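Chain letters run A, B, ... following the sequence lines, proteins first, then strands; residues in each count from 1. In this text the structure is predicted, and so the values were computed from the model without any measurement.
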There are 2 protein chains.
Amino acid sequence: MPAHFPDMSATAEEEAYRHVQRALRHGRYKPGDRLIPEEIAAEIGMSRMPVREAFRRLASDGLVILRPNRGCVVAGLTVDELFEIFEIRSVLEGLAVRLAMPRIDEEAFEELDRLLVRMERAGQSGSSDWVVRHQEFHGRICALSQRPKLIHQISALHVVIEPYMRIWFDDCDKPHSAREEHAAVIAALRSGDEHLAEKVMQEHILSTAPMLAEFVSPTR
Amino acid sequence: MPAHFPDMSATAEEEAYRHVQRALRHGRYKPGDRLIPEEIAAEIGMSRMPVREAFRRLASDGLVILRPNRGCVVAGLTVDELFEIFEIRSVLEGLAVRLAMPRIDEEAFEELDRLLVRMERAGQSGSSDWVVRHQEFHGRICALSQRPKLIHQISALHVVIEPYMRIWFDDCDKPHSAREEHAAVIAALRSGDEHLAEKVMQEHILSTAPMLAEFVSPTR
DNA sequence: TTGATGATACGTGGATACAAAAATACTTTT
DNA sequence: AAAAGTATTTTTGTATCCACGTATCATCAA
């Protein structure tokens with residue numbers, strides 16, 4: 001292996017973690033599905049042990065539920081839980097944008113504008129990359145806050161809601177409101193008013209939740 | 001084992017998790033200490049396998065750091081990280097108190113008053129239970145919010161800062177400011193003004209950070 | 001037909017075994 | 001005596017194995 005491409009898959013556990021997380025984010029497993037270590041291990045060519053360890057982390061992330069002696073099932077969100085996550089996101093990302101404000105320069109603004117355009121284009125083409133572009137915008141703002149733990153917590157929540165966002169985005173035909181709200185966030189940032197920016201972000205996030213809620217699978 | 005005492009320690013992994021977490025919270029291991037699975041496994045009479053799995057969860061909680069092929073070391077916080085955690089707590093617990101407000105009845109107020117008194121007494125007796133009492137107050141308010149995920153996230157952060165709080169409480173002789181600030185939170189709750197309560201809580205939490213910061217071990 | 005009972009297959013939790021990687025101790029060389 | 005290299009020990013990562021718990025399904029009684 002080339003030296004400049006160092007050790008991509010450090011451990012089997014890490015590979016298992018990524019593999020399953022990716023599948024969950026893309027909605028390849030549905031809530032309630034049972035994940036059998038042996039099967040997954042076979043898929044990626046390893047023994048059950050690293051997979052079990054990956055399950056522990058996924059459970060900590062809230063992506064699966066691990067119950068003693070009865071294995072691992074894909075976690076699903078109730079409407080209440082979905083709303084709760086959006087409440088939490090609203091204050092965390094509100095904080096992020098407030099902290100980001102003093103660190104944003106003109107270059108960063110241009111970057112945000114570019115992301116806005118890319119999201120718009122992805123929306124028109126109807127592709128499911130939508131979600132990715134949407135998250136990129138939120139992620140970029142979080143990153144600007146320069147707070148590692150804050151960024152980490154927020155992105156963990158984004159992973160949990162990603163499958164629901166995909167369903168929503170597939171179904172709904174108005175990426176426009178998201179575009180406008182993101183533009184409003186940028187405008188608030190440009191205004192230089194920290195508390196305004198925080199508030200606009202909070203409202204943007206909270207306004208998304210009710211729309212998403214309709215797509216939470218009722219089978220729970 | 002008696003049937004009415006059902007399976008307290010469901011799995012070995014759970015026991016290992018509790019054991020190590022407890023030790024970390026009490027500061028029995030210091031940041032940078034290396035945790036050797038074999039040793040811990042021996043302490044509690046099991047093989048190193050469940051301990052390894054417990055390590056994964058503890059790493060997710062941010063209590064230890066796991067690096068491929070070089071084991072598990074106790075995580076320590078830099079001053080920046082400590083501040084960051086308090087920023088995050090400020091918005092999360094601010095949210096919690098805001099959501100708790102409409103659910104608080106007279107009985108709950110009396111409970112909070114009792115906790116206030118207990119904290120005061122623990123402070124006078126100089127005992128290290130201080131921390132526990134202090135957390136109980138914050139924990140009670142979070143619980144009143146009735147938001148499982150929010151409660152979970154907040155208590156995870158409390159675990160991370162607990163060892164630092166213990167050092168602080170051992171050293172400083174003014175539990176009084178904490179008492180007054182907690183009283184202010186209760187007063188704000190009684191006033192019925194959600195946003196006031198949120199703000200008072202945020203300020204209480206942020207005012208604690210600088211005092212704590214002095215006790216962060218400089219060896220990092 | 002329905003509900004209890006028991007046999008069977010499957011899966012999980014944990015211990016042990018083994019190979020590979022790090023850390024450590026020990027030479028050897030300068 | 002210091003540095004570099006080598007051998008030895010320790011520890012980690014993964015695979016395999018076994019015992020127990022759980023679920024499934026067939027059998028049988030009411």
>> With a 4.0 Å cutoff (strictly under), does any side-chain N or O of A:R34 reach OP1 or OP2 of C:dT12?
In response: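 So the side chain of A:R34 is within the cut-off, an N or O lying under 4.0 Å from OP1 or OP2 of C:dT12.
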For [X] and [N], what is the distance between atoms [atom1] and [atom2] respectively, to the nearest whole Å?
{"X": "A:E39", "N": "C:dG11", "atom1": "CD", "atom2": "P", "result": "7 Å"}
{"X": "A:R67", "N": "C:dG11", "atom1": "CZ", "atom2": "C1'", "result": "14 Å"}
{"X": "A:I36", "N": "D:dT22", "atom1": "CD1", "atom2": "P", "result": "17 Å"}
{"X": "B:N69", "N": "C:dT24", "atom1": "CG", "atom2": "C1'", "result": "17 Å"}
{"X": "A:L66", "N": "C:dG14", "atom1": "CG", "atom2": "P", "result": "11 Å"}
{"X": "B:E14", "N": "C:dG13", "atom1": "CD", "atom2": "P", "result": "12 Å"}
{"X": "A:E13", "N": "D:dT14", "atom1": "CD", "atom2": "P", "result": "8 Å"}
{"X": "A:E38", "N": "C:dG11", "atom1": "CD", "atom2": "P", "result": "8 Å"}

>> Let's go through B:V73 and B:V64 carefully: what are the C-alpha distance in whole Å and the side-chain angles of both, what is the deciding distance for side chain to side chain contact (heavy atoms under 4.5 Å, CB included) to 0.1 Å, and is it a yes or a no?
In response: CA-CA 6 Å; B:V73 300; B:V64 302; over 6 Å; no
For [Y], does its backbone N or O pair with a side-chain atom of [X] as donor and acceptor, under 3.5 Å?
{"X": "A:Y164", "Y": "A:L82", "answer": "no"}
{"X": "A:Q135", "Y": "A:V132", "answer": "no"}
{"X": "B:S145", "Y": "B:I141", "answer": "no"}

>> Report for the helix from C:dT1-D:dA30 to C:dT30-D:dA1: angle between first-end and last-end helix axes, five pairs each, rounded to 10 degrees.
In response: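 The value is 10°.
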> Passes salt bridge (charged side-chain N to carboxylate O under 4.0 Å, His left out), A:E120 versus A:R133? Steps please.
Replying inline: CA-CA 9 Å; A:E120 199 170 11; A:R133 302 290 162 242; over 6 Å; no
> With under 30° as parallel and over 60° as perpendicular, where do the rings of B:W130 and B:H134 fit, or are they tilted in between?
Replying inline: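 Rings of B:W130 and B:H134: parallel, under 30°.
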> With no hydrogens and no angle check, do the side chains of A:H204 and A:H182 hold a donor and an acceptor under 3.5 Å apart?
Replying inline: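 Looking only at side-chain atoms, A:H182 and A:H204 do form a donor-acceptor pair, the distance falling under 3.5 Å.
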> Does a donor on one side chain sit under 3.5 Å from an acceptor on the other, for B:H158 and B:E93?
Replying inline: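 B:E93 and B:H158 do have a side-chain donor-acceptor pair below 3.5 Å.
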> If we only count heavy atoms from C-beta on, is the B:L157 to A:Q153 side-chain gap below 4.5 Å?
Replying inline: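 SC-SC contact between B:L157 and A:Q153 confirmed.
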> So which of residues 41-56 of chain A are in contact with DNA chain C, with a heavy-atom cut-off of under 4.0 Å?
Replying inline: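 Heavy-atom contacts with DNA chain C come from A:R48, A:M49, A:R52.
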